[in-house]
Amino acid sequence: MFSYEITDTVKKYNYCIPSSIYIGIIQTSPQINHVIYNPYDDKFTMWDKYGSYWKYSVQRDK
């Protein structure tokens with residue numbers, strides 16, 4: 001998944017993406033080089049090697 005596709009996906013889900021989408025992003029995006037989870041605000045922060053970053057939460061699939 002390209003960086004602009006990740007941006008579109010995160011925005012589409014209003015920065016709260018389903019776990020299956022999150023796993024898909026991680027598995028299909030070789031440009032991702034950092035993913036950090038912050039338990040205090042229950043958010044993930046993800047960076048790619050081109051300087052883009054996203055801050056979002058992940059919800060379990062129903």
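Along the sequence shown, residues are numbered consecutively beginning with 1. Being a predicted model, the structure only gives us computed values, none of them experimental.
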Are any of the side-chain heavy atoms of [X] and [Y] separated by less than 4.5 Å?
X   : Y   : value
W54 : I32 : yes
T7  : S52 : no
V35 : Y22 : yes

[atom2] on [Y] to [atom1] on [X], rounded to 0.5 Å:
X   : Y   : atom1 : atom2 : result
Y37 : T45 : OH    : OG1   : 11.0 Å
S20 : R60 : OG    : CZ    : 13.0 Å
Q31 : M1  : CD    : CE    : 9.5 Å

Closer than 3.5 angstrom, by distance alone: can the side chain of T28 be matched with the main-chain N or O of G24 as a donor-acceptor pair? yes
Can you check whether Y40's main-chain N or O pairs, donor with acceptor, with N38's side chain at less than 3.5 Å? yes
Test side-chain contact (heavy atoms from CB on, under 4.5 Å) applied to I25 and I17, step by step: CA-CA 10 Å; I25 289 171; I17 60 176; 4.2 Å; yes
Shortest non-hydrogen contact from K43 toward K55: CB-CE, 3.9 Å
Heavy-atom nearest pair, V58 first then S19, reads CG1-CA, 3.7 Å
Does N33 have any side chain to side chain contact (heavy atoms under 4.5 Å, CB included) partners at least two apart in sequence or in another chain, and if so, which? W47, K49
In one Ile/Leu/Val/Met/Phe/Trp/Tyr side-chain cluster, 4.5 Å: I23, F44: yes
Co-membership, hydrophobic cluster, residues Y13 and F2, 4.5 Å side-chain: no
Test side-chain contact (heavy atoms from CB on, under 4.5 Å) applied to I21 and K12, step by step: CA-CA 11 Å; I21 300 293; K12 175 183 172 185; over 6 Å; no
Above 12 or not: heavy atoms from other molecules or residues under 6.0 Å from OH of Y53? no
